[in-house]
Amino acid sequence: MDGTALLRWGRACLQGLEHRREEINALNVFPIPDADTGTNLLATMRAAVAAAEVAVFAASAEPGAASAHTVAAAMAQGATIGARGNSGIILSQVLRGIADAVRGGSLTADTLRAALAGASALVRAGLSVPIEGTILTVLDCASACAAACSEVSLAGVALAAADGAAKALGDTPSQLGVLRDAGVVDAGARGLVVLLDSLVSVTRGEVPARPEYARRSAVAVPPASEIGVEPAEPRYEVMYLLADTDEPRVATLRARLGELGDSVVVVGDGDRFWSAHVHCADAGAAVEAGIAAGTLSRIRIEGFAFSEHLDHGPEHSEIPRQDHARPADAAQIDAARSTIAAASDSPRAVPGSADVVAGNLVARDVATTATPEVPADRRVLAVASGEGAATLFEDAGAVVLGGDEPVTARALLAAIRRMPNREVLVLPNGALPAHELVAVGVAARDAHRDVLLLPSASMVQGLAALAVHDRGRIAVDDAFTMSEAAATTRWGSLRAATQRALTMVGTCARGDGLGLVGHDVVVIDRDMRTAGLTLLDRMLAFGGELVTLLMGATVPDGLGDELATHIARDFPGVEVIVYPGGQRGDLVQIGVE
C-alpha cells in the first residue's frame, strides 16, 4: 500500500467507526463508564485523516511525493494533536507504529508485522499501569498472529491480525472483572478490530463478518446514597498537548501524573508533539505537571463524580461504582486556569483559558443502564459567504445558507424551519445584528424543535466552533463547547476602504488597506500588503497557536503566501492554515486560536 492506499484505508476506518460508534459507546465501562469510547475514536480518526489529506494535497505538485510514510506520519501527528480520551491517544500510537514501519517504503506484509509490533511496544511504554483485558492485550494478540502468519501477501497478514484481534476481543471479559460483570467486551479493543477489519476490506475487497457485541441487560443497583455510602470527591479527566520537551522530561511527567491519578497515558507522534491524559482529583496539579515538562496547548478538563465502590473483593477493585454525575467544580477549573496564566510572563508561552474546556462527563452506571442514548437528532446550520467557505462548512458536516447577497432575518428563519432536525445549532457568522438574531431564535422555536444560536461573529469563528461539534453530547453541552471555541478565537479582517471616512485610528481614503480586529479599525495603510502584515502583528502580539486565513474573492495575488511566510518567520511555532474562501467584502478573514 502506498500513500494513496493508506489514505483510502483511513477513510474506510472512518466509515467503520461511524457505523460502530454507538455499539462501541455501549460497551464502554472501563476505565470509566462514560459511553464515549466510540465517539472519541471517531473524532481522533477524523483528525488523523484530515491531516493526511492536507499532506497529500501539499505533495500533489510532486508526483509520488505522497509516500506511505508521508501519509502515515501525517495521520500519526493528526491523531496525537486531535486525540480524544484514553482510546484516542492509544489509536495515535497504532498510527505511529505504521509510520515508523514504512519509513523506507510501502506498507507490505513484513512492514505490517513490524508496525503492529512497534505499536504494541509504544502503547505499553506510554501507559503508567498497563491493564490486561483491554486494547493492549488485543493489540498484542494481533501482532503475534501477524508475526506467526506464513502468508507473504499484505492481505493475508492483515486478515490474520484482524482474526487474532477478534478472538482476543472475545476473551477480554475473562481477563477483566469489570467487563465480565457488565457483560461486555472491551470498547477500545472493539475499535481496534474495526481498524484492522478496514485494512482487510481495503486489501481483500471484503469486510470480515463479526458478531454484534451487544451489551446485556443489567440488574439495577440502588444508588450509593440510599445504602449509606458517602460520595467521593469530584474527579476530572485532564488532557493536553505538549511540545518543546524530551524523553526524560516526559518520563518524569508520566510518573508525576501517576502519583496524581490513574488512566495515565503520555505518548508522542515521533516528531514534535506529545499527548497526555490522566484521571485525577486535582486538575490544577495535573496542568502544573505538564507546564514543568514543556509547552502546553489544547488543554481539556472535564469533570465526573464517583462514589466509593462497594467491596466485592480484589478482582472488582479496578474501577469504582459510579454515583450521580455532578458538574465540574468551578473552583477546580478556575484553579487550573490560574495555574496556566501564572506559568509564564509571556502570554505566548502557554495558551490561557482559551484552551481550557470545562464541562461534564455524564457517567453511566454499569448496573442500571443497558445502552446509551441514541445520538441526538441535531444538525448545524451555518451562514457562509463564498463558494470556498461554503465548501469548508459543508465538508465539516454543516448545512449551509449562503450566496453572494447578504442573508436576511427572513431567509435565516426560513432555513431553520426547513431543517428536519429536532435540535438545530445556528452559526450566524456575523450575518445579522444581535437583535435580529434574538428575534429569529424566538420565532424559530416551537414544541417540536429546539434552536440555539451560537455567538459566531465571523466565518473563522464559525469554523473553530464547528471543529469541536459533537452530537454525542447533550445539546447544551455541545452548544457551550462550540460557543467557547468561537468566543476564544480572536478574529479580524483585511478590507479595502470604499470611501473616505473617519475611523478610531484616523481618516482613511478610498482604496486604503484597512485592518480590523472584530468590528474596529486598528490599521490604515496605503499599501494593502503592509496593512495585512501590520494587522497580523497586532493580533499575534497577544499570543496564538493556530492562525486561519480565509482568502476572499478579490484578494491580491500572492498575499496569502506572503502573510503565511510572515507568520512562520516572525512567530515561530504558530501554525498557519490558508483556505480559499471566495467571500466578498473581506479580502482576508483572520482567526487566531
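Just so you know, residue 1 is the first one in the sequence shown, and it goes up from there. Note that these values count all heavy atoms, side chains included, but never hydrogens, waters or copies made by symmetry.
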Would you say Ser92's side chain and Ala79's backbone share a donor-acceptor pair under 3.5 angstrom?
no
According to salt bridge (Lys or Arg N to Asp or Glu O under 4.0 Å), does anything in residues 575-591 pair up with another residue at least two apart or in another chain? List the pairs.
Arg495-Asp586
Gly290 to Leu253 - nearest heavy-atom pair and separation:
N-CD1, 3.8 Å
Test Ile577 against Leu549 for side chain to side chain contact (heavy atoms under 4.5 Å, CB included), laying out the working first.
CA-CA 6 Å; Ile577 302 178; Leu549 302 177; over 6 Å; no
Just by distance, do the side chain of Gln77 and the backbone of Asp269 share a donor-acceptor pair under 3.5 Å?
no
Rounded to the nearest 0.5 Å, what's the gap from CD1 on Ile567 to CG on Leu536? Could you check?
4.5 Å
Atom of Ala479, atom of Leu454 and distance for their closest heavy-atom approach
CB-CD2, 3.8 Å
Let me confirm one number: the CG-CG distance from Asn40 to Asp470, rounded to the nearest 0.5 Å.
8.0 Å
Main chain of Val264, side chain of Arg254: is a donor-acceptor contact present, judged purely on distance under 3.5 Å?
no
Counting C-beta onward and ignoring hydrogens, is there a side-chain heavy-atom pair between Leu452 and Val426 closer than 4.5 Å?
no
Do the side chain of Gln589 and the main chain of Met459 share a donor and acceptor less than 3.5 angstrom apart?
yes
Given the rule in the side chain to side chain contact (heavy atoms under 4.5 Å, CB included) test, do Val56 and Val71 qualify, once you have shown the distances and angles that lead to the verdict?
CA-CA 7 Å; Val56 170; Val71 172; 3.8 Å; yes
Look only at the side chain of Arg538 and the backbone of Val523, and say whether a donor-acceptor pair between them is shorter than 3.5 Å.
no
Can any side-chain N or O of Asp377 pair as donor or acceptor with the backbone N or O of Arg422 at less than 3.5 Å?
yes
Exam field: side chain Gln583 to backbone Leu550, donor-acceptor pair closer than 3.5 Å:
yes
Quick one: does any side-chain atom of Asp282 pair with a main-chain N or O of Ala285 as donor and acceptor, under 3.5 Å?
yes
Show, in sequence, the C-alpha distance, side-chain angles and deciding distance for Asn421 and Met419, and conclude whether the side chain to side chain contact (heavy atoms under 4.5 Å, CB included) test is met.
CA-CA 6 Å; Asn421 310 87; Met419 299 284 284; 3.8 Å; yes
More than 12 heavy atoms of other groups within 6.0 Å of Arg569 CZ:
yes
Backbone N or O of Gly268 within a donor-acceptor pair of the Gln93 side chain at under 3.5 Å?
yes
Does Asp246 reach the main-chain N or O of Arg249 with its side chain, forming a donor-acceptor pair under 3.5 Å?
yes
